[in-house]
Amino acid sequence: MTPEELSKIIKESLESLIAAGKLEISQSPEIKIERPKNKEHGDYSCNIALVVAKPVGKNPRDIAQLFVDKLGANPSIKRIEIAGPGFLNFTLDSKSMGEVAKTILQQADEYGHTNSFNGETINIEFISANPTGPLHLGHTRWAAVGDALARVLAASGAKVVKEFYINDRGAQIDKFGISICAAANNEPIPEDGYHGAYVKELASEITKDKPQILKLSKQEQEIEFREEGYKRQLKQQQLVLKDFRTIFDVWYSERSLHSSGAVEKGLSKLKKYGHVFEKDGATWLKTTDFGDDKDRVLVKADGEYTYFASDTAYYVDKRSRGFEVNIYLLGADHHGYVNRLRAVAACAGDNPDKNVEVLIGQLVKMLKNGQEVRLSKRAGNIITLEDLVDEVGVDAARYTLIRYPVNTSVTLDIDLLTSHTNDNPVFYVQYAHARISAVLRAASEKKIDWQKSSFNPAALVVQQETELLGALSEFPRVVASSAQLREPHRVARYLEELATAYHSFYSSCRVLPLIGEDVTDETIARLMLCAATQQVLKNGLSLIGVSAPEKM
RNA sequence: GCGCCCGUAGCUCAACGGAUAGAGCAACUGGUUUCUACCCAGUAGGUUGGGGGUUCGAUUCCCUCCGGGCGCACCA
């Protein structure tokens with residue numbers, strides 16, 4: 001029996017208790033099934049009596065007793081106990097527990113998928129860097145977390161589109177062009193320009209490919225270098241992200257927003273809702289109507305659209321493409337945007353609580369030999385995605401960035417991430433997968449055809465086996481809650497627990513028969529358990545975009 | 001000044017309002033002739049920054065103070 005099935009049975013009991021007039025509540029409560037930390041509390045615990053107690057006005061332990069009476073006869077449940085303030089603690093029949101392994105092998109790659117977000121269309125926008133340089137550590141965090149979040153949401157049934165907004169318009173990209181142009185002409189790059197070594201590289205590449213550019217006027221050169229640099233830098237970002245296994249569905253250009261008329265369209269929609277006004281020759285959006293601390297300019301007095309105008313148009317455009325939920329992943333230095341974005345939604349007649357979600361990612365630092373790394377060869381005083389991947393590889397980089405909740409800052413310790421031991425969680429988890437693969441390989445070498453043998457779940461009775469089964473049964477709910485809370489780090493943490501449960505099982509339960517021993521029900525059941533664990537590790541790692549190696 | 005995030009074991013960090021606050025590292029004990037020791041089991045370590053409040057129950061929610069990070073453009 002999976003926890004989902006248990007939860008269903010409990011809900012049915014609740015309904016029948018209500019129907020029988022033994023409980024009176026108006027709305028169905030949020031009940032939780034958990035794996036108790038304390039083993040003495042059984043396989044699963046449920047808080048239903050505690051939750052129901054208040055609206056019903058009865059003692060939680062008395063209510064718990066009603067459920068015990070109702071559920072006690074179920075053959076899959078070996079024991080129910082009322083504990084503490086009114087928890088229901090379930091101990092399942094070992095046969096029923098063992099069946100989880102079979103469920104997992106049947107569902108295979110689908111195990112962990114749920115339909116909890118069926119019908120939701122979600123746009124998730126992240127990184128959205130200027131195409132004026134390499135991606136830095138902050139972007140890298142989002143590349144990993146945003147992608148994992150998208151996968152977790154998709155696994156929960158949502159229709160997800162990953163989007164990268166290209167800031168290819170405005171002062172920054174102009175400065176980029178000016179900087180490359182200066183470098184190409186061996187002139188000093190302006191103070192407020194781009195100074196990384198990559199600017200010089202771009203300059204020499206471009207002049208090599210298109211030497212005629214240098215014959216143009218200065219102004220024309222700046223434009224040409226800007227366009228060439230943009231093209232190449234964008235391509236570079238796309239390549240780097242592809243190697244990092246973060247694939248975007250949509251690369252949305254800010255310029256296209258202007259050329260397609262989306263900006264005017266967005267503006268007219270906002271006007272319709274009456275929050276646009278004129279002041280000092282400029283056009284403003286009255287975002288203070290919805291909690292922003294000051295109003296924002298859409299069109300400057302000189303007739304130019306602001307960056308904010310693009311932002312609002314982009315939001316309106318996303319909504320017109322049918323996205324109910326729009327998730328923005330931003331760096332900590334952009335937290336001032338949260339109220340602004342919410343206000344934009346409200347000004348466009350939407351509900352910010354529903355249509356806009358902003359996640360703020362805190363700072364990422366890199367540590368090597370106990371010292372903070374501050375300098376990158378190519379990019380000057382920022383550390384790039386490539387710097388990190390060069391040091392630790394894609395798997396370790398992704399895993400570590402995803403492992404922590406985004407609203408805390410992280411420090412990546414290079415020395416630790418390259419170590420192959422217990423204190424490096426990436427290896428710990430991957431090693432569990434490799435270890436299982438080795439066992440299954442050995443089984444096939446010994447010609448043990450466990451896949452075709454009959455599975456006796458009751459053969460799994462040792463405590464470490466039960467623990468492992470319990471951990472495996474948790475997976476779908478971990479994925480669903482990661483999606484719901486927008487916290488993919490829960491998947492990584494779960495995988496570590498699962499790996500621990502497996503290593504513990506492995507060291508106390510011999511799987512394959514020794515020479516002279518026979519293949520028994522236990523052998524087959526344990527191989528099934530190994531295969532199920534391998535499957536879940538693989539599914540979980542794939543949700544965070546980390547490889548599941550067969551050998552290490 | 002206003003706003004956002006953070007403060008948990010010596011260190012790096014977990015913990016959807018749930019039971020005795022957990023992992024790893026470091027320290028100390030043990031364990032493998034056997035499927036990958038890149039492992040496992042155990043001991044010790046805490047006033048969850050301080051103080052109030054809400055709750056049957058608070059690391060979690062609210063208020064306040066202290067400490068740290070970040071942000072407050074007709075820039076992008």
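The sequence lines fix the lettering, A, B, ..., with proteins before strands; numbering per chain opens at 1.
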If I pick the P atom on A19(B) and the same atom on A58(B), what distance separates them, to the nearest angstrom? 10 Å
When you check the phosphate oxygens OP1 and OP2 of U36(B), does a side-chain N or O of Tyr428(A) lie under 4.0 Å from one of them? no
Can you tell me how far P in C5(B) sits from the matching atom in G17(B), rounded to whole Å? 15 Å
Arg226(A) and Asp174(A) ion-paired at < 4.0 Å: yes
On RNA chain B, more 5' by nearest nucleotide between Gln362(A) and Ala332(A) is Gln362(A)
Atom-pair distance (OH on Tyr494(A); P on A23(B)), nearest Å: 17 Å
Sugar-phosphate, base or nothing in reach of Ala171(A), heavy atoms under 4.0 Å: sugar-phosphate
Interatomic distance where OH belongs to Tyr328(A) and P belongs to C4(B) [whole Å]: 21 Å
Rounded C1' spacing from U60(B) to U48(B) in Å: 10 Å
Looking at Lys365(A), does any N or O in its side chain come under 4.0 Å of the phosphate oxygens OP1/OP2 on G69(B)? no
Suppose we call two aromatic rings close when their centres sit under 6.0 Å apart. Are His503(A) and Tyr428(A) close by that rule? yes
Under 3.5 Å on both distances, the Watson-Crick or G-U partner of C13(B): G22(B)
With rounding to the closest Å, how many angstrom separate the P atoms on U59(B) and G7(B)? 14 Å
For the pair Asp293(A) and Arg296(A), find out whether any cationic side-chain nitrogen is under 4.0 Å from an anionic carboxylate oxygen. yes
Side-chain N or O of Asn407(A) less than 4.0 angstrom from OP1 or OP2 on C6(B)? yes
Under 4.0 Å from OP1 or OP2 of C75(B): is there any side-chain N or O of Lys300(A) that close? yes
Check: Tyr230(A) ring centroid to Phe176(A) ring centroid under 6.0 Å: no
For atom P, what is the distance between G10(B) and G50(B), given to the nearest Å? 13 Å
Under a 3.5 Å cut-off for both distances, is G7(B) Watson-Crick or wobble paired, and to whom? C66(B)
Opposite nucleotide pairing with C72(B), Watson-Crick or G-U, both atom distances under 3.5 Å: G1(B)
Please work out if Asn167(A) contacts a base, only the sugar-phosphate, or nothing of the nucleic acid, heavy-atom cut-off 4.0 Å. nothing
Between Tyr305(A) and His258(A), is the gap from one ring center to the other below 6.0 Å? yes
So which heavy atom on Ser437(A) is nearest to which on Gln534(A), and how close? OG-NE2, 3.1 Å
Would you call the rings of Phe277(A) and Trp284(A) parallel, tilted or perpendicular if under 30° counts as parallel and over 60° as perpendicular? parallel
Touch class at under 4.0 angstrom, heavy-atom based, for Glu550(A) against every strand present: base
Please give, in whole Å, the distance from C40(B) P to Tyr506(A) OH? 12 Å
For Asn339(A), which contact category applies under a 4.0 Å heavy-atom criterion: base, sugar-phosphate, or nothing? nothing
Atom CZ of Arg35(A) and atom C1' of G22(B) are separated, to the nearest Å, by 16 Å
Contact letters for nucleotides 11-21 of chain B, in which S counts primed atoms plus P, OP1 and OP2 and B counts the base, heavy atoms under 4.0 Å: -SSSSS-BBB-
Select base, sugar-phosphate, or nothing to describe what Lys551(A) touches, counting heavy atoms under 4.0 Å on all strands. base
Give none if U36(B) has no partner; otherwise give the nucleotide forming a Watson-Crick or G-U wobble pair with it, both distances under 3.5 Å. none
Separation of the P atoms in C62(B) and G18(B), to the nearest angstrom: 15 Å
Looking at Arg526(A), I'd like to know whether one of its side-chain N or O atoms comes within less than 4.0 Å of OP1 or OP2 on C35(B). no
Arg141(A) CZ to C5(B) C1', straight-line distance once rounded to whole Å: 11 Å
How close or far is atom P of A41(B) from atom CZ of Phe505(A), stated in whole angstroms? 14 Å
Counting side-chain heavy atoms from C-beta on, which of C74(B), C72(B), C4(B) comes nearest to Lys294(A)? C72(B)
Can you measure Leu330(A) atom CG to C72(B) atom P for me and round it to whole angstrom units? 13 Å
Side chain of Val511(A) only, please: which of C35(B), G71(B), C38(B) is the nearest? C35(B)
Whether the side chain of His334(A) and the base of G71(B) hold a donor-acceptor pair under 3.5 Å is what I'd like checked. no
Heavy atoms under 4.0 Å, any strand shown: does Ala442(A) hit a base, just sugar-phosphate, or nothing? sugar-phosphate
Would you please indicate if the ring centroids of Phe126(A) and Phe164(A) are separated by under 6.0 Å? no
Base, sugar-phosphate, or nothing for Leu514(A), non-hydrogen atoms under 4.0 angstrom? base
Inter-nucleotide P distance (C72(B), C65(B)), Å rounded: 24 Å
When you compare G31(B) with G49(B), how far apart are their P atoms, in angstrom units rounded to a whole number? 40 Å
Check ion pair Arg255(A)-Glu227(A) (N to O, under 4.0 angstrom): yes
Using a strict threshold of under 4.0 Å (side-chain N to carboxylate O), is an ion pair present between Lys447(A) and Glu445(A)? no
Mind calculating the distance between CD (Glu496(A)) and P (C39(B)) to the nearest angstrom? 13 Å
What is the nucleic acid contact for Ala438(A), judged by heavy atoms within less than 4.0 Å: base, sugar-phosphate only, or nothing? base
Any residue meeting side chain to side chain donor-acceptor pair (under 3.5 Å) with Thr306(A), in chain and number order, not counting sequence neighbours: none
Of C70(B), C40(B), C74(B), the nucleotide closest to the side chain of Ser504(A) is C40(B)
